[in-house]
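Read the structure below first, then the notes.
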Amino acid sequence: MPELIEPTVDLRDSWTESASEWGDTHQDGAGVWESTDLSTADGFATWIHRLQEQSDDSRPVAPDRVHASYWWIVEDGVYLGAISLRHALNEKLLEGGGHIGYGVRPSARGRGLATWALGAVLDQARVRGMDRVLITCDDDNVASARTIERNGGVLEDVRDTWLGRTRRYWIEL
């Protein structure tokens with residue numbers, strides 16, 4: 001059975017193996033920024049610490065960032081993907097990006113992991129007192145659109161955003 005866990009340095013090898021499957025593609029939901037150095041154990045540990053700090057609403061975040069909680073999708077000690085819940089939206093995230101981002105490593109796709117993880121994180125959003133969440137995906141990402149729709153997503157619109165052509169869904173909690 002898969003589980004959602006907080007990011008941990010203990011799964012660095014599995015995370016690195018997963019990252020090699022993604023190639024140059026951005027790993028949605030993982031919280032990897034352009035300046036993140038994951039090539040060393042120290043860089044990886046610094047990244048994990050930053051993710052933990054970003055989830056703490058009492059700590060300041062950079063002006064262009066919002067607080068967010070991160071979880072890894074793990075099964076039998078293997079990293080399968082990530083999902084994040086942004087605690088609020090700024091203008092950029094309202095246009096594209098939304099409250100929740102997720103990604104499943106290519107070798108683990110087609111098992112319903114994203115649908116399951118999204119459902120679990122919607123429960124976390126409810127616990128936080130959120131009454132609805134915005135989730136977006138690329139217009140041509142049929143699998144992600146189905147994942148969102150299976151969890152109650154209602155399409156608001158499809159528009160050109162800083163991410164490209166983007167489908168924007170709202171889920172009432």
Side-chain angles (χ1 to χ4, degrees), residues 1-33 36 38-39 41 43-57 66-87 93 97-130 132-138 140-155 163 167-173:
M1 286 289 296
E3 59 183 329
L4 292 182
I5 67 167
E6 290 186 15
T8 174
V9 296
D10 297 339
L11 291 177
R12 179 175 180 254
D13 290 343
S14 184
W15 190 93
T16 302
E17 181 183 296
S18 169
S20 69
E21 292 180 20
W22 289 84
D24 291 335
T25 304
H26 173 74
Q27 209 178 130
D28 289 327
V32 177
W33 301 346
T36 304
L38 300 173
S39 64
F44 193 86
T46 298
W47 171 55
I48 297 297
H49 181 71
R50 190 191 76 228
L51 295 179
Q52 293 166 343
E53 284 185 338
Q54 193 177 358
S55 71
D56 183 348
D57 290 328
V66 298
H67 287 96
S69 299
Y70 295 89
W71 296 273
W72 286 357
I73 305 165
V74 175
E75 186 173 47
D76 298 325
V78 177
Y79 173 90
L80 301 176
I83 188 164
S84 61
L85 171 64
R86 296 174 193 98
H87 303 174
L93 292 171
H99 287 100
I100 298 175
Y102 54 86
V104 174
R105 71 190 286 175
S107 64
R109 292 179 183 161
R111 297 177 41 198
L113 292 168
T115 300
W116 167 81
L118 178 54
V121 170
L122 291 173
D123 288 341
Q124 293 295 321
R126 287 181 190 96
V127 168
R128 292 194 65 78
M130 300 170 83
R132 69 182 192 149
V133 294
L134 174 67
I135 308 175
T136 71
C137 67
D138 292 346
D140 62 355
N141 189 339
V142 175
S144 190
R146 285 188 187 141
T147 293
I148 298 165
E149 291 165 0
R150 283 186 187 116
N151 276 282
V154 176
L155 182 66
L163 294 168
R167 299 176 68 85
R168 299 174 68 255
Y169 290 88
W170 287 96
I171 297 178
E172 297 293 330
L173 302 174

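The shortest distance between side-chain heavy atoms of I100 and L122 falls below 4.5 Å. Annotation: side chain of L118 is in contact with side chain of I135 (closest heavy-atom distance under 4.5 Å). Taking 4.5 Å as the limit, every side-chain heavy atom of L134 sits out of range of all side-chain heavy atoms of L93. Taking 4.5 Å as the limit, every side-chain heavy atom of W15 sits out of range of all side-chain heavy atoms of V74.
Here the CD1 atom belonging to I171 is positioned 10.0 Å from the CD atom belonging to E149, to the nearest 0.5 angstrom. For the atom pair Q52 CD and W47 CH2, the distance stands at 11.0 Å (nearest 0.5 Å). Taking CG of L51 as the start and CG of D56 as the end, the distance is 13.0 Å to the nearest 0.5 Å. Note: L173 CG to R126 CZ = 5.0 Å, rounded to the nearest 0.5 Å. A distance of 14.5 Å separates CZ of R146 from CG of N151, quoted to the nearest 0.5 Å.
Taking a cutoff of 4.0 Å between a charged side-chain nitrogen and a carboxylate oxygen, R111 and E75 qualify as a salt bridge.
In this structure, R105 fails the cation-pi test against W72, since its NZ or CZ atom is not both closer than 6.0 Å to the six-membered ring centre and inside 45 degrees of the ring normal.
With Q54 contributing its side chain and V66 its backbone, the two residues share a donor-acceptor pair below 3.5 Å. At distances below 3.5 Å, not a single donor-acceptor pair connects side-chain atoms of Q124 with backbone N or O atoms of L85. No side-chain donor-acceptor contact under 3.5 Å links T115 to the backbone of T147.
The aromatic rings of H67 and H87 lie parallel to each other, with less than 30° between the two planes, well short of the 60° mark.
Between the side chains of Y102 and S144, a donor-acceptor pair is found at a separation under 3.5 Å.
Across all their heavy atoms, Y169 and L155 have their closest contact at CD2-N, 3.4 Å.
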